[in-house]
Participant: 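Quick one: the structure is below, and I'll ask about it shortly.
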Amino acid sequence: MAGGVHSQPEIQIQVHSRKGGNSVYPVEPATTTAASSGGPAFYREIKHFKKWFPWLIPSFVIVNVVTFLVTMYVNNCPHNSVSCYAGFLGRFSFQPFSENPLLGPSSTTLEKMGALDVNKVVREHQGWRLITCMWLHGGVFHLLANMLSLLVIGIRLEREFGFVRIGVLYIIAGLGGSLFSALFIKSNISVGASGALFGLLGSMLSELIINWTIYANKIAVLVTLVVIIIINLAVGLLPHVDNFAHIGGFVSGFLLGFVFLIRPQFGWVSQRYASRAYSTSAKPKFKMYQMVLWVVSLILLIIGFTSGFVMLFRGVDLNDHCSWCHYMSCLPTSRWSCNTEPVSCMSEQTSNQLTLTCSNSNKTRTYSLSNPSTSKIQGLCTQLCR
């Protein structure tokens with residue numbers, strides 16, 4: 001064109017397919033000579049959209065598996081129970097199905113290893129249980145389900161956003177799940193990485209919303225995510241599943257996604273990586289709706305966690321203020337009951353015989369035992385009352 005006006009070099013836009021839909025990423029030309037000479041152009045990923053090597057999520061999986069093995073070693077079923085499942089595993093054998101159908105340790109062992117016990121958190125100042133419960137699992141089935149989900153969801157997110165942001169998001173979302181659970185469940189222990197996993201699911205939804213222009217099939221991705229989330233939350237309505245941890249983790253992760261997973265708009269990226277000689281009017285790094293979501297989410301997170309911790313350590317039971325909220329964690333039907341009251345037994349030792357009477361059902365049974373340990377009595381009581 002006449003007048004010495006040069007065309008502005010642009011950052012190329014390429015569409016990459018990824019699970020859940022197509023996303024658009026800008027790439028910067030590696031060299032300008034190849035493109036200007038008509039030869040093949042080579043591109044490299046720019047910093048804001050680079051792909052990361054996922055190592056943290058696999059490390060989390062290893063930590064969870066090792067922790068479960070240590071828990072089973074400490075459990076030592078043959079020493080603390082009359083009968084065990086898979087006895088050929090020795091001290092790694094599982095508690096009876098009647099006590100733990102997930103193929104795992106006793107509740108006493110889980111509590112010893114750091115399960116979430118609200119009474120110990122509040123009265124004995126063991127706040128660390130809000131974190132340690134995330135790395136414990138009730139059994140093999142529980143562990144496999146959570147770890148497979150963590151690999152599928154977590155690796156994708158870590159590859160896109162890096163280990164720092166996803167690692168921090170995972171821990172905080174898990175803490176949010178534990179905190180919400182502790183405000184409702186006062187009499188039972190809770191374990192599992194489900195709260196953190198639902199945090200990752202929530203962050204995937206908020207990442208889609210805050211980076212709306214990156215996705216090619218926005219509606220398809222949104223519908224897929226919403227269906228997956230609804231199905232997983234519906235599973236939490238079954239008995240013996242802590243859906244409060246799921247809900248707390250999901251809400252925490254949803255808000256954290258707006259804070260940690262925000263991406264700059266393409267106009268700002270193109271302007272930054274273009275030559276200064278061709279720079280035009282400055283464009284903001286983030287769009288207005290992105291900044292509004294970022295600020296609102298950060299404020300809600302601060303208010304939510306602060307008020308949650310205050311209520312927890314003041315001994316507030318949210319069930320007293322919400323008569324229907326218990327249905328969010330278990331929906332009773334004709335096929336199952338939601339009664340999860342802790343079990344207790346009256347014991348009587350005479351010579352080599354131990355007699356236990358379940359306080360909940362008045363069932364009685366006599367065992368040929370001499371001087372049994374407290375953990376063994378507790379295990380027998382649990383088997384008798386279930």
Side-chain angles (χ1 to χ4, degrees), residues 58-117 120 129 132-151 188-194 197 235 238-242 245 336 340-345 347 349 352-361 363-386:
S59 300
F60 281 172
V61 173
I62 293 173
V63 171
N64 277 276
V65 172
V66 170
T67 303
F68 180 74
L69 292 175
V70 172
T71 303
M72 292 307 302
Y73 181 85
V74 172
N75 185 64
N76 194 6
C77 181
H79 178 72
N80 295 312
S81 297
V82 174
S83 62
C84 301
Y85 183 75
F88 62 89
L89 294 175
R91 68 183 298 153
F92 290 96
S93 56
F94 310 114
Q95 297 297 122
F97 273 112
S98 58
E99 179 182 350
N100 187 345
L102 297 175
L103 295 183
S106 66
S107 57
T108 304
T109 300
L110 289 172
E111 185 176 356
K112 185 188 302 183
M113 293 294 294
L116 178 58
D117 184 331
K120 291 185 179 295
R129 288 180 178 272
T132 55
C133 67
M134 296 164 45
W135 308 96
L136 298 171
H137 288 84
V140 173
F141 296 145
H142 189 199
L143 178 70
L144 287 177
N146 277 351
M147 293 306 100
L148 288 175
S149 300
L150 179 57
L151 287 173
N188 295 318
I189 64 171
S190 178
V191 295
S194 302
L197 279 172
V235 171
L238 297 172
H240 307 298
V241 178
D242 185 2
W336 63 71
T340 57
E341 293 181 1
V343 297
S344 61
C345 295
S347 63
Q349 182 76 51
N352 292 331
Q353 288 189 330
L354 171 68
T355 301
L356 293 180
T357 302
C358 180
S359 302
N360 303 56
S361 61
K363 290 168 58 178
T364 301
R365 187 172 179 180
T366 301
Y367 305 87
S368 297
L369 292 172
S370 177
N371 298 322
S373 63
T374 303
S375 59
K376 191 158 192 171
I377 294 176
Q378 182 62 44
L380 293 173
C381 176
T382 302
Q383 294 176 36
L384 177 64
C385 296
R386 294 304 184 191

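These values consider heavy atoms only, across backbone and side chains, with no hydrogens, waters or symmetry-generated copies. One-based numbering along the sequence shown.
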Participant: Can you measure from SG (C77) to CE (M72) and round to the nearest 0.5 angstrom?
Facilitator: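 Nearest 0.5 Å value for the SG-CE distance: 7.0 Å.
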
Participant: More than 12 non-hydrogen atoms from neighbouring residues, nucleotides or ligands closer than 6.0 Å to CZ on R365, yes or no?
Facilitator: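 Counting neighbours around CZ of R365, 12 or fewer heavy atoms of other residues, nucleotides or ligands fall under 6.0 Å, so no.
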
Participant: Is a donor on one side and an acceptor on the other found under 3.5 Å between the side chain of S93 and the backbone of G87?
Facilitator: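 Answer holds: no.
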
Participant: Can you spot which of I189, L116, N75 makes a side chain to side chain contact (heavy atoms under 4.5 Å, CB included) with L110?
Facilitator: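 Between L110 and the candidates, side chain to side chain contact (heavy atoms under 4.5 Å, CB included) is satisfied uniquely by I189.
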
Participant: Checking side-chain polar atoms at under 3.5 Å, does S368 have a donor or acceptor matched by the opposite partner on Q353?
Facilitator: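 Side chains of S368 and Q353: no pair found under 3.5 Å.
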
Participant: Would you find a donor on one side and an acceptor on the other, under 3.5 Å apart, between the side chain of T67 and the backbone of V63?
Facilitator: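 Yes.
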
Participant: Taking it one step at a time, do T355 and Y367 satisfy side-chain contact (heavy atoms from CB on, under 4.5 Å)?
Facilitator: CA-CA 6 Å; T355 301; Y367 305 87; over 6 Å; no

Participant: Do any N or O atoms from the side chain of T109 and from the backbone of P105 form a donor-acceptor pair under 3.5 angstrom?
Facilitator: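 Judged by distance alone, no pair lies under 3.5 Å.
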
Participant: Is the W135 to F68 ring centre distance short of 6.0 Å?
Facilitator: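 W135 vs F68: aromatic centres not under 6.0 Å.
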
Participant: As an exercise, state the distance from OG of S83 to CD of Q95, rounded to the nearest 0.5 Å.
Facilitator: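 The CD atom of Q95 is 8.5 Å from OG of S83, to the nearest 0.5 Å.
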
Participant: Please verify the inter-ring angle class for H137 with H142; under 30° counts as parallel, over 60° as perpendicular, anything in between as tilted.
Facilitator: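 Correct class here is perpendicular.
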
Participant: What do you reckon, is OH of Y85 surrounded by more than 12 foreign heavy atoms closer than 6.0 Å?
Facilitator: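 No, OH of Y85 has 12 or fewer neighbouring heavy atoms, counting only those of other groups under 6.0 Å.
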
Participant: Would you mind reporting whether M113 and V191 have side-chain heavy atoms less than 4.5 Å apart?
Facilitator: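 Of all side-chain heavy-atom pairs linking M113 with V191, none is under 4.5 Å.
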
Participant: Is atom OH of Y73 surrounded by more than 12 heavy atoms (other residues, nucleotides or ligands) closer than 6.0 Å?
Facilitator: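 Counting other residues, nucleotides and ligands, OH of Y73 stays at 12 neighbours or fewer.
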
Participant: Would you check if the side chain of S81 reaches a backbone N or O of P78 as a donor-acceptor pair within less than 3.5 Å?
Facilitator: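 No.
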
Participant: Are we looking at SG atoms under 2.5 Å apart for C358 and C345?
Facilitator: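 No, the SG atoms are not under 2.5 Å apart.
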
Participant: To the nearest 0.5 Å, tell me how far K120 NZ sits from R129 CZ.
Facilitator: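 Spacing of NZ (K120) from CZ (R129) equals 5.5 Å.
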
Participant: Please identify each residue that fulfils ring-ring contact (aromatic ring centres under 6.0 Å, His included) with F141, with sequence neighbours left out.
Facilitator: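 By the ring-ring contact (aromatic ring centres under 6.0 Å, His included) rule, F141 matches no residue at all.
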
Participant: Measure the shortest side-chain to side-chain distance between F94 and V140 over non-hydrogen atoms and say whether it is less than 4.5 angstrom.
Facilitator: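 Counting from C-beta outward, F94 and V140 do come under 4.5 Å.
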
Participant: Measuring from atom CG of N64 to atom CG of L150, what distance do you get when rounded to the nearest 0.5 angstrom?
Facilitator: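 Those atoms lie 7.0 Å apart.
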
Participant: Grab the two heavy atoms, one from L136 and one from T71, that are nearest each other, plus how far apart they are.
Facilitator: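 Closest heavy-atom pair between L136 and T71: CD2-OG1, 3.7 Å.
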
Participant: Looking at side-chain heavy atoms only, is the closest gap between K112 and V74 below 4.5 Å?
Facilitator: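 Answer yes - side chains close enough.
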
Participant: Once you round to the nearest 0.5 Å, how far does CG of L354 lie from OG of S347?
Facilitator: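 L354 atom CG to S347 atom OG measures 6.0 Å (nearest 0.5 Å).
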
Participant: Answer whether the closest heavy-atom distance between the side chains of T357 and K363 falls below 4.5 Å.
Facilitator: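 Sidechains of K363 and T357: no contact.
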
Participant: Between S106 and N80, is there a side-chain donor-acceptor contact under 3.5 Å, judged purely by atom types and distance?
Facilitator: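 Not at all, the side chains of N80 and S106 share no donor-acceptor pair under 3.5 Å.
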
